[in-house]
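Read the structure below first, then the notes.
Along the sequence shown, the residues carry numbers beginning at 1.
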Amino acid sequence: MNSVKRPPEGFENRPESGEKIYKQNPNKQSEPATINFRGRPGGPGRGMGQTVEHAENVTGTLRRLLQYFKKTKKLLVLLLVSVVFVTLTGLLVPALQGASIDVIKEKAWNTLYSYVIMLLAVYAVNVLFTLAQSLIAARLSQSIVKQMRHDLFKKIDHLSIKYLDTHSNGDVMSRMTNDVENVSNTISQSLGSLVSGVLTIIGTVAIMFVYCWQLTLITMVTVILTVFVTKKMSKIMRKVYRKRSAVLGKLNGHSEEMITGYKSIVAYNKQDDVIDEFAQTSDELRKVSIKAEILGGSMGPIMNCISNISFVIVAAFGGYFAYTGLITIGTVSAFIIYAKQFSRPINEIAQLYGTIQTAVAGAERVFALLDEPDEDKTGCEKPEPITGRISFRNVDFSYVPGKQVLYDFDLDVEPGQKIALVGATGSGKTTVVNLLMRFYPVDKGQIMVDGVNIQEIDRDYLRKNIAIVLQDTVLFSNTIENNIKYANLEASDRQMEDAAKMSHIHRYIERLPDKYDTVLKQAGAGLSHGQRQLMAIARAILADPKILILDEATSSVDTRTEKNIQDAMVKLMKNRTSLIIAHRLSTIRDADKIVVMDQGRVVEIGNHQQLLEKQGKYYELYMTQFAGNKT
């Protein structure tokens, strides 16, 4: 069973930044038979339907992104060289074609053969550098993505617990997957196209002006029309595709919720209601998807129509200029191709705008995570040896400013004592443990271990001497041996088996075909909750800590399993300072000291018998559980 991450007391309205869903319009309108010299699929309407995310600080994000390019300078230079050669050959082909037509008119066949050979050579060079551009772009993007993911994972490994408690797991994972992937796609697919497009526009305009500046100015009319239509269509399509992404996310969320809660749906006979709700959302998605597909499909024909208008203009005016002798027929032919090459990169750059914006926004989210402060590592003291004496002195704490969780918390724990923390949910029990582990710094007061403020103790040394067994046990998709040895990788197999015997999990492991070499799939999803807890206790035993924390270790198991776990915990707690958080008061009757908490304050302290005789808060809790009193 997958464990559910519970936020500590005091967190309310925790931000849940869901994963971004970036969609691209799959519709691609076919073009007339012309060669795309930029080495990637072309076509009007490509990418116009994607959901565009905008970065708040584009300049700063791009500047930081360029730092990653510095580590791959050679690849970047090779990519730019390839783009330049692909662009130059693309500009050279129409000129050679036009010259060949003029040569045919003059019937200079020997010269024509030379032009044909040159055309074949140019095409060959174009193909080679196009292939090189694709390979280099892929290598460049993956090199940058590898470094970004490495930096991200390293950062996550050093993030504070506070950040992970206040951000959803999906949001953190989205930055490492979706956002980084958007950057990768933009580098591999859009960077070369962007540079090539700019160079093509500049080179084409220059050549066209050299051939005939009059015809060039006339051709510019369709360029203005292309830019205007692209801008208007993009604005409309982004709204529709954004709505489609939202509805699709709603449908996916509904489906996931229904699959996860299928047993409850069947138990309450809600199948028909679930189907009706799904049908409504699905129908809404169908309507908006039809609208999106119609708009996406119309982009290509509209752009082709404008392109054809350009052909008509060039043909008409070019024919007139050729008739008057201003230009040759070959020049008109070249002009038609150049006009096509001129309008296409303008359209593609407009389409790349959304992709680049999304990538920059993704990079900004990545950098925002990288800029988060690391977990506090101050402190260098290493009290030797740690005996387990703990003192809380006037501790105040709040997860969120203005919403205090602990008020003037005082507690003294002697070495080897067993202390139980009890109270209603939200009273601050888990917060005490979080502060002792240095997951959070206190707002006021001090926490001492063996007389030394924990802020002055080396953080790793402190945690090495503390073991914790949580209600939601964390196991890894690895062998049982490695899971138990996780707390002490240097432990011998004999020590591991002894720890498993003490925790009453050894007999179960021995019945498995591969025994301790059994691989736990899906982080131990095939184990019962009690087995997972016993394995976690074996891990804690192997850690041999001076201070032990048990947080609701038996709250979700049956009575027989609870007895096994309690027997294991008795052995585990022997000669160790122990802090036990429990709702089942039967598990802490023999505690040396029971601390009763209510709304962040200590209201009672004593042993089981003393607190019952006092007939205060603990007496109320006890009678609620064992005497059948109403809550």
Side-chain angles (χ1 to χ4, degrees), residues 3-14 159-169 375-376 390-392 395-401 403-411 413 417-445 447 449 454 459 462-463 466-474 529 532-533 536-537 539-540 545 547-557 565 569 572-573 577-585 587-588 591 593-605 617-618 621:
S3 59
V4 178
K5 181 180 176 182
R6 296 178 301 165
E9 302 95 332
F11 275 119
E12 298 179 297
N13 301 321
R14 191 176 73 174
L159 277 175
S160 66
I161 299 295
K162 180 178 180 180
Y163 181 89
L164 296 175
D165 274 338
T166 53
H167 291 76
S168 70
N169 293 340
E375 186 180 11
D376 179 26
I390 305 171
S391 298
F392 290 82
V395 174
D396 288 349
F397 177 74
S398 57
Y399 291 104
V400 180
K403 295 182 179 180
Q404 196 163 337
V405 178
L406 289 183
Y407 299 84
D408 198 28
F409 182 81
D410 277 308
L411 179 64
V413 183
Q417 275 192 325
K418 184 164 68 173
I419 307 298
L421 300 174
V422 300
T425 300
S427 59
K429 305 183 298 297
T430 301
T431 298
V432 173
V433 172
N434 286 339
L435 297 180
L436 178 60
M437 293 289 292
R438 277 187 64 177
F439 291 159
Y440 294 87
V442 300
D443 296 340
K444 177 186 174 184
I447 302 175
V449 172
I454 61 171
R459 186 201 62 183
L462 173 69
R463 292 176 182 170
I466 301 176
I468 184 168
V469 179
L470 300 171
Q471 176 183 1
D472 298 322
T473 305
V474 177
H529 193 93
R532 291 160 61 90
Q533 289 284 27
I537 291 174
R539 179 194 294 167
I547 300 172
L548 177 67
I549 297 171
L550 302 171
D551 188 353
E552 296 286 355
T554 64
S555 63
S556 302
V557 296
I565 293 177
M569 289 194 302
L572 178 59
M573 290 185 289
T577 302
S578 304
L579 295 179
I580 308 169
I581 298 174
H583 280 116
R584 292 187 184 182
L585 302 185
T587 62
I588 47 93
K593 191 184 295 184
I594 299 174
V595 180
V596 185
M597 300 184 65
D598 185 34
Q599 297 183 2
R601 293 181 171 86
V602 176
V603 293
E604 292 177 347
I605 295 181
K617 190 71 176 177
Y618 180 80
L621 293 172

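In terms of heavy atoms, Ala540 sits closest to Leu548 at CB-CD1, 4.4 Å. Here the shortest heavy-atom pairing between Ile466 and Pro545 reads C-CB, 4.0 Å. Across Leu436 and Leu462, no two heavy atoms sit closer than the pair O-CD2, 3.7 Å. Between Phe409 and Val432 the shortest heavy-atom distance is CZ-CG2, 3.8 Å. Residues Lys429 and Gly423 approach most closely at NZ-O, 3.1 Å, considering heavy atoms.
By the side-chain contact (heavy atoms from CB on, under 4.5 Å) test, Val413 pairs with Ile390, Leu411, Gln417, Ile419, Thr577, Leu579, sequence neighbours left out. By the side chain to side chain donor-acceptor pair (under 3.5 Å) test, Ser398 pairs with Asp443, sequence neighbours left out. Residues forming a side chain to side chain donor-acceptor pair (under 3.5 Å) with Asp410 (at least two apart in sequence, or on another chain): Asn394. With sequence neighbours excluded, the residues satisfying side-chain contact (heavy atoms from CB on, under 4.5 Å) with Arg463 are Glu375, Met437, Arg438, Phe439, Arg459.
Here the straight-line distance linking atom OG1 of Thr430 with atom CG of Leu421 works out to 9.0 Å at 0.5 Å rounding. Of the inter-residue distances, the one linking Ile580 atom CD1 with Ile549 atom CD1 reads 11.5 Å to the nearest 0.5 angstrom.
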Assess the residue pair Tyr399 and Thr431 against the criterion (side-chain contact (heavy atoms from CB on, under 4.5 Å)); give the C-alpha distance rounded to whole Å, side-chain angles, the decisive distance to 0.1 Å, and a yes or no.
CA-CA 9 Å; Tyr399 291 104; Thr431 298; 2.9 Å; yes
Pair Asp396-Asp408, side-chain contact (heavy atoms from CB on, under 4.5 Å): steps then yes or no:
CA-CA 5 Å; Asp396 288 349; Asp408 198 28; 4.2 Å; yes
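A 4.5 Å side-chain heavy-atom check between Met597 and Leu406 finds at least one atom pair inside the cut-off.
Screening Ile605, Val602, Val603 for a side-chain contact (heavy atoms from CB on, under 4.5 Å) with Val596, the sole residue that qualifies is Val603.
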